[in-house]
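Here's the structure we're looking at; comments come further down.
Quantities reported herein were computed from a predicted structural model and do not represent experimental measurements. Just so we're on the same page: letters track the sequence lines, and every chain starts at 1.
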Amino acid sequence: MIELYESQRAMRNLRRTAIQRGVVAVLDVGTSKIACLVLRFDGSDRLAEGEGIGAMAGQAGFRVIGAATTRSRGVRFGEVEAMAETERAIRTAVQAAQKMAGLRVDHVIACFSGAAPRSYGLTGQVDLEGHVVTEQDIGRVLSACDLPDYGAGREVLHAQPVNFALDHRSGLSDPRGQMGQSLSTDMHMLTVDAAAVQNLAHCVKRCDLELAGLASSAYVSGVAALVEDEQELGAACVDLGGGSAGISIFVKKHMLYADTVRIGGDHVTSDISMGLQVPKAVAERIKTFYGGLVATGMDDRDMIEIGGDTGDWDHDRRKVSRAELIGIMRPRVEEILEEVRTRLDAAGFDHLPSQQIVLTGGGSQIPGLDALAARILGQQVRLGRPMRVHGLPQAATGPGFASAVGMCLQAANPQDEWWDFEIPVERYAARPLKRALKWFKDNW
Amino acid sequence: MRPVTPRTDPAPSRLRYRLQRLMLTPLFRGLLRVGLPFGLCFAIAAGYLSQPERQEAMALALIDLRRQIETRPEFMVDLLAVEGASDPLAGEIREIFPHALPVSSFDLDLDRLRGMIEALPAVRHADLRIKQGGVLEAKVAERQPAALWRRAEGVALVDREGVVLDPAARRTAHPDLPMLAGEGADAAVAEALRLRQAAAPLRARLKGFVRVGERRWDVVLDRGQRILLPERAAVRALERVIALSQAQDMLARDVVAIDMRLADRPTVRMTPHALKEWRRVRKISLEAADG
């Protein structure tokens with residue numbers, strides 16, 4: 001636990017130095033595309049203390065000065081599968097973004113959708129030493145959370161305090177300075193496969209970049225696609241990606257739950273490819289141009305040229321009606337949404353006061369998805385696009401860039417994590433020298 | 001037909017990627033933009049200049065250019081004008097002038113030239129300046145001979161300050177100058193001149209002045225008479241002698257020397273004949289007094 005704390009802290013320090021230096025890159029490693037945005041922090045109202053509770057909580061003005069997208073390679077289900085291929089794809093995206101920005105980028109914040117995220121709710125309680133809650137007490141209560149056995153080979157990706165309670169008052173967002181006897185907290189912890197994280201980190205390192213942060217793409221796309229009241233009142237964001245669909249539930253501006261369904265747009269494409277006997281590239285093209293989910297009578301007469309280059313005249317001149325294409329796509333999308341519904345039910349989403357569901361990600365652009373999703377997920381469904389970010393090119397404003405934009409917001413205005421707080425002094429008990437040093441530092 | 005060539009990889013190679021990142025590094029770019037041209041120019045110039053014959057040629061060209069500028073007519077000196085010097089001295093100055101005219105004014109070291117001219121014994125003071133129109137003007141203040149000085153080598157002219165000017169061919173060429181003699185006479189020419197002024201009543205009888213022991217003067221008159229003057233207040237002593245002589249005709253008598261070295265006891269040395277005569281006369285007068 002301590003090593004993780006230290007490594008996350010090191011990444012956080014890297015991120016802080018990168019932001020102070022002014023340039024940081026955001027890398028969204030997805031199954032179908034890899035997007036890279038270069039952000040420049042111009043220092044306006046940087047780190048305005050007093051808002052939020054964290055040491056880094058503060059609005060940082062930033063601007064996107066470079067953006068590039070490339071087709072992803074070597075990634076399956078949001079996890080790195082072929083390292084060299086992925087490395088090349090990252091290189092392509094980073095190089096193009098650097099070229100557009102005209103700047104060299106050294107620090108990168110990456111997000112990925114796979115690696116089987118699993119959510120845990122943790123609670124911890126401590127008695128206050130004094131009568132006033134200090135930052136030390138918050139650090140103490142966060143480390144007092146009893147860790148569940150999340151299994152070997154997994155790593156904590158996020159550990160965010162979502163709620164503080166002081167004696168009998170709950171729902172505090174910032175208990176510092178308040179009077180009380182005992183402080184308790186609820187923490188949301190997200191664990192992922194360590195191997196996937198390590199692979200991604202290795203790929204980034206091989207591109208001569210330094211990993212300054214990691215995030216779950218389900219979380220960051222929720223940050224980008226949910227508007228403020230949805231985050232406050234409770235909403236689920238479904239990021240329909242290429243290889244997986246990420247689910248995140250937000251209440252009171254904190255993520256409470258995140259999960260991934262390992263089915264995505266690539267599976268729709270492969271269904272079309274198999275159903276129509278066409279190569280994947282053609283299937284992808286047909287999906288994006290003619291795809292849909294609700295068939296009407298018109299679609300029966302709408303014939304689509306499939307094309308082909310086998311040289312066989314009959315084979316190359318085949319046509320299918322759009323209704324047929326819809327008939328192939330719809331069951332798969334239904335399957336994804338059913339699976340999402342199952343996960344949301346398992347998470348207890350229907351107990352939340354607000355049942356808003358926001359669909360985002362590249363897959364949300366299928367025509368007719370809102371109608372289909374309304375039937376499966378409930379009536380409060382909307383299609384979400386990411387928030388507008390300063391300097392983002394028009395081509396990168398679509399729903400497919402929700403997680404990239406969310407990373408920008410996250411970099412500029414980070415959520416407090418457990419490792420943002422000083423580790424309490426009791427942990428250092430085994431190291432008296434360090435403790436003495438700390439005492440000296442604190443007192444002089 | 002389907003093209004057979006495989007699709008090229010859009011990904012940059014590691015090397016190209018790194019190169020691009022390097023090119024985007026501000027320091028490196030600055031180095032490339034400023035450091036590289038500068039280094040290149042420096043290397044080329046250094047390589048070109050490292051050859052000795054090129055250095056020589058460049059130095060020659062530089063010297064040539066300098067020469068060209070220096071020898072422009074505006075800077076040339078064509079004439080040496082000597083002012084305030086007698087003709088022989090002017091000739092002498094022209095003789096020692098080390099440059100052949102016309103000469104560039106850059107080559108003239110006026111201080112050194114002035115030193116050379118002032119080193120001439122007949123020159124008391126010299127001013128050199130280059131006037132417009134290429135004239136080097138030398139204003140010379142000549143030393144005036146004030147006395148003749150007889151030495152073992154012969155008779156020489158000296159000025160007030162005792163600087164030996166020229167050998168004098170004949171005594172009669174300078175009848176108005178006093179004759180000095182003796183070792184160290186040149187160091188006290190001014191005093192001799194004052195003595196000579198004081199001795200104006202004796203002018204007709206004055207032969208000259210002799211420096212004795214490098215400390216005092218003897219005034220030599222005709223008929224072998226001498227006036228021995230003290231070291232100090234010699235002029236006053238001489239004036240006393242002259243007053244005595246005017247009152248009592250002392251110098252007209254048969255006296256060899258008047259010794260004024262002890263101021264409170266002037267002494268007269270008589271000739272042996274005068275002494276004999278004086279004794280004889282004194283004996284006669286004594287006998288007359290006895291008898």
Side-chain angles (χ1 to χ4, degrees), chain A residues 21-23 25 27 29 33-34 36 38 40 65-66 68-75 82-108 203-210 278-282 307-313 315-316, chain B residues 1-70:
Chain A
R21 211 186 278 177
V23 178
L27 194 67
V29 183
K33 68 157 173 38
I34 291 182
C36 178
V38 179
R40 189 174 60 203
I65 54 169
T69 318
T70 185
R71 212 190 84 178
S72 180
R73 297 188 289 172
V75 182
M83 301 264 285
E85 288 282 300
T86 311
E87 183 206 327
R88 268 185 221 130
I90 291 174
R91 231 156 48 197
T92 316
V94 170
Q95 189 187 34
Q98 275 180 351
K99 196 172 174 184
M100 179 172 164
L103 275 177
R104 179 191 161 134
V105 185
D106 287 322
H107 300 277
V108 71
C203 280
V204 169
K205 197 177 164 201
R206 275 181 62 85
C207 292
D208 305 334
L209 300 167
E210 282 199 79
V278 288
K280 271 260 175 70
V282 177
D309 47 7
T310 57
D312 181 341
W313 198 89
H315 188 267
D316 289 356
Chain B
M1 291 296 286
R2 185 168 44 180
V4 204
T5 50
R7 288 186 51 154
T8 50
D9 192 346
S13 66
R14 266 180 99 73
L15 198 69
R16 275 185 56 191
Y17 175 76
R18 287 203 169 140
L19 195 68
Q20 198 220 14
R21 282 174 65 81
L22 191 66
M23 292 299 288
L24 284 174
T25 310
L27 185 69
F28 184 77
R29 278 166 69 132
L31 211 67
L32 215 61
R33 211 178 57 207
V34 179
L36 192 71
F38 179 78
L40 214 64
C41 291
F42 188 79
I44 288 173
Y48 183 81
L49 291 178
S50 61
Q51 311 245 343
E53 57 262 30
R54 288 207 182 103
Q55 285 175 5
E56 223 166 86
M58 270 184 70
L60 276 180
L62 212 68
I63 289 168
D64 204 37
L65 187 71
R66 195 189 154 91
R67 195 73 252 167
Q68 268 182 21
I69 293 172
E70 282 176 0

Write down the atom of [X], the atom of [Y], and the distance for their closest heavy-atom approach.
| X | Y | value |
| --- | --- | --- |
| A:Leu103 | B:Leu24 | O-CD1, 3.4 Å |
| B:Arg21 | A:Val105 | NH1-O, 2.7 Å |
| A:Arg73 | B:Ala11 | NH2-CB, 3.4 Å |

Query raised in the report: Which one, A:Thr70, A:Asp208, A:Asp106, leads in non-hydrogen pairs under 4.5 Å with chain B?
Result: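 The option with the most such pairs is A:Asp208.
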
Query raised in the report: Based on non-hydrogen pairs under 4.5 Å, which of A:Gly102, A:Ala89, A:Cys207 is most in contact with chain B?
Result: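 Of the options given, most contacts go to A:Cys207.
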
Query raised in the report: Would you say the side-chain atoms of A:Arg104 pair up with the backbone N or O of B:Gln20, donor to acceptor, closer than 3.5 Å?
Result: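 Checked: no pair found.
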
Report task. May I ask you to decide if A:Gln95's main-chain N or O and B:Tyr17's side chain share a donor-acceptor pair within less than 3.5 Å? Result ->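 Absent.
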
Query raised in the report: Which residues, numbered in order, of residues 44-57 of chain B come under 4.5 angstrom of chain A by heavy-atom distance?
Result: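 Expected list: none.
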
Query raised in the report: What residues, two or more places apart in sequence or in another chain, satisfy side-chain contact (heavy atoms from CB on, under 4.5 Å) together with B:Phe38?
Result: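 B:Phe38: no side-chain contact (heavy atoms from CB on, under 4.5 Å) contacts found.
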
Is the number of heavy atoms from other residues, nucleotides or ligands under 6.0 Å of [X] [atom1] greater than 12?
| X | atom1 | result |
| --- | --- | --- |
| B:Leu36 | CG | yes |
| B:Arg14 | CZ | yes |
| B:Met58 | CE | no |

Query raised in the report: Can you tell me how far the CZ atom of B:Arg18 sits from the CZ atom of A:Arg91, to the nearest 0.5 Å?
Result: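 If we round to the nearest 0.5 Å, B:Arg18:CZ and A:Arg91:CZ are 8.5 Å apart.
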
